[in-house]
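These values consider heavy atoms only, across backbone and side chains, with no hydrogens, waters or symmetry-generated copies. One is the number of the first residue; the rest follow in order along the sequence.
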Amino acid sequence: MDNIVIAKNAGFCYGVKRAVDEAIKAQKDANKRIYTLGSLIHNNDAVKYLEKNNIFSIDEKNIDVLNEDDIIIIRSHGVKESVIKNLENRNLKIIDLTCPYVKSIHSKVKDYYEKGYKIMIIGDKTHPEVIGITGWCNDEAIVVNRAEELDKIPSKICVVAQTTEKKKTWNSIMEKVVKNSKQIVAFNTICSATDIRQKSAFEISMNCDVVIVVGGKNSSNTTKLYEICKANCENSFHIENAQELTDNILKFKGKKIGITAGASTPQWILDEVIKKLKL
């Protein structure tokens, strides 16, 4: 159906695909239940799929139940330096699947913190990626996601961004930082995959009557795609899977429908949505 337009860049990014593929491989190699420190990815359907493959998430507060030599995976979001040390002290077998882009942020933050810079993270302070980053500067980072939140800006500052942050947010905050700080080191660490997906979402939302954004409701990057689409197209909907294609959405069949998906959305979920819209 030529009335359905799929964003050029939708679905799994490199870091998430790598994490899922490596986790499944690790479980097959070990031939036993393995664990991920928190949900491997922010997608409920994908988490259920992993559980069927004997891969289960566990909270850090519950790792006491694990035995020596149990396998635990650090997900693509990354964790604090102290968390890694804690896992090592318990003699667990650690598979570190932190996204390479996130690992790079950890290195930058640790380096400049030790050089005496105050660290600023542009992002959501409650997101696991940001919580992990703060742990590489002794949990002393300033975390903001709106320029209005900035009050006193240190004169010597190192700025990084959550990989899924919107470029617009980065620009508005940096404009204020540049005006108020004397010594600035800034790394725009918004992932290129995130930027590309956001641009694709912007384009389809400008040219479609309806936009459907597919991905977990707890997925930061998917939520930001939805916000971008909603700003351009009032008839934008954020759904997790094909089962959430309600009559309120399906009534738009025949209209020009744009579809995009977050970086943690498996292709099979996206395919099911497309198939239902084509029926």
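Pairs passing the salt bridge (charged side-chain N to carboxylate O under 4.0 Å, His left out) check and including a residue from residues 208-220, sequence neighbours excluded, read Lys217-Glu244. Listed by first and then second residue, the ring pair (Phe, Tyr, Trp, His ring centres under 6.0 Å) pairs that reach into residues 36-55 are His42-His77, His42-His127, sequence neighbours excluded. Judged as a salt bridge (charged side-chain N to carboxylate O under 4.0 Å, His left out), the pairs with a partner in residues 110-119 (not counting sequence neighbours) are, in order, Glu81-Lys110, Lys110-Glu114, Asp111-Lys115. Pairs passing the salt bridge (charged side-chain N to carboxylate O under 4.0 Å, His left out) check and including a residue from residues 126-149, sequence neighbours excluded, read Lys80-Asp139, Arg146-Glu148, Arg146-Glu149. Residue pairs meeting the side chain to side chain donor-acceptor pair (under 3.5 Å) criterion with at least one partner in residues 22-41, sequence neighbours excluded, are Lys25-Asp29. Applying the side chain to side chain donor-acceptor pair (under 3.5 Å) rule to pairs touching residues 4-20 yields Asn9-Ser200, Lys17-Asp21, sequence neighbours excluded. Residue pairs that meet the ring pair (Phe, Tyr, Trp, His ring centres under 6.0 Å) test with at least one member in residues 256-279, sequence neighbours left out, do not exist here. Sorted by first then second residue, the ring pair (Phe, Tyr, Trp, His ring centres under 6.0 Å) pairs that include residues 185-224, not counting sequence neighbours, are Tyr112-Phe187.
Side-chain N/O atoms of Lys168 and Ser172 include no donor and acceptor closer than 3.5 Å. Between the side chains of Lys224 and Ser220, a donor-acceptor pair is found at a separation under 3.5 Å. Checked by atom type, the side-chain pair Asp45/Asn241 shows a donor-acceptor distance below 3.5 Å. Residues Asn248 and Thr246 bring no donor and acceptor atom of their side chains to less than 3.5 Å of each other. Using modelled atom types, one finds no donor on one side chain facing an acceptor on the other under 3.5 Å when comparing Ser155 with Gln183. Using modelled atom types, one finds no donor on one side chain facing an acceptor on the other under 3.5 Å when comparing Asn221 with Thr164. Under the 3.5 Å distance criterion, with hydrogens and angles disregarded, a donor-acceptor pair is assigned to the side chains of Asp271 and Gln267.
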Which side-chain N or O atoms in residues 253-263 pair as donor and acceptor under 3.5 Å with protein atoms at least two apart or in another chain?
from, atom 1, to, atom 2, distance (Å)
Lys253, NZ, Lys276, O, 3.4
Lys253, NZ, Leu279, O, 2.6
Lys256, NZ, Asn207, O, 3.3

Which donor-acceptor pairs under 3.5 Å do the side chains of residues 85-99 make with protein atoms, sequence neighbours left out?
from, atom 1, to, atom 2, distance (Å)
Asn86, OD1, Arg90, NE, 3.3
Asn89, ND2, Lys85, O, 3.2
Arg90, NH1, Asp64, OD1, 2.8
Arg90, NH2, Asp64, OD1, 2.9
Asn91, ND2, Glu68, OE2, 3.4
Asp96, OD1, Thr98, N, 3.0
Asp96, OD1, Thr98, OG1, 2.5
Asp96, OD2, Lys103, NZ, 2.9

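Residue Ile24 holds its CD1 atom at 12.0 Å from CG of Asn54, rounded to the nearest 0.5 Å. Here Ile119 contributes atom CD1 and Tyr113 contributes atom OH; the two are 9.0 Å apart, rounded to the nearest 0.5 Å. The line from CD1 of Ile142 to NZ of Lys125 is 12.5 Å long, rounded to the nearest 0.5 Å.
Put simply, the side chain of Ser236 gets close to the backbone of Cys229: a donor and an acceptor are under 3.5 Å apart.
Salt bridge Asp195/Lys199: present, at least one basic N to carboxylate O contact under 4.0 Å. Ionic pairing of Glu234 and Lys230 is present here: one or more N-O contacts between side-chain nitrogen and carboxylate oxygen are shorter than 4.0 angstrom.
Val159 places none of its side-chain heavy atoms less than 4.5 Å from the side chain of Val185.
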The test is side chain to side chain contact (heavy atoms under 4.5 Å, CB included); show your working for Phe12 and Thr265 and say whether it passes.
CA-CA 6 Å; Phe12 273 178; Thr265 305; 5.7 Å; no
Where do Asn43 and Glu240 land on the side chain to side chain contact (heavy atoms under 4.5 Å, CB included) test, with the steps shown first?
CA-CA 8 Å; Asn43 184 285; Glu240 290 206 348; 6.0 Å; no
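With sequence neighbours excluded, the residues that form a side chain to side chain donor-acceptor pair (under 3.5 Å) with Thr222 are Ser219. Listed by chain and residue number, nothing satisfies the salt bridge (Lys or Arg N to Asp or Glu O under 4.0 Å) test with Lys48 (two or more places apart in sequence, or in another chain).
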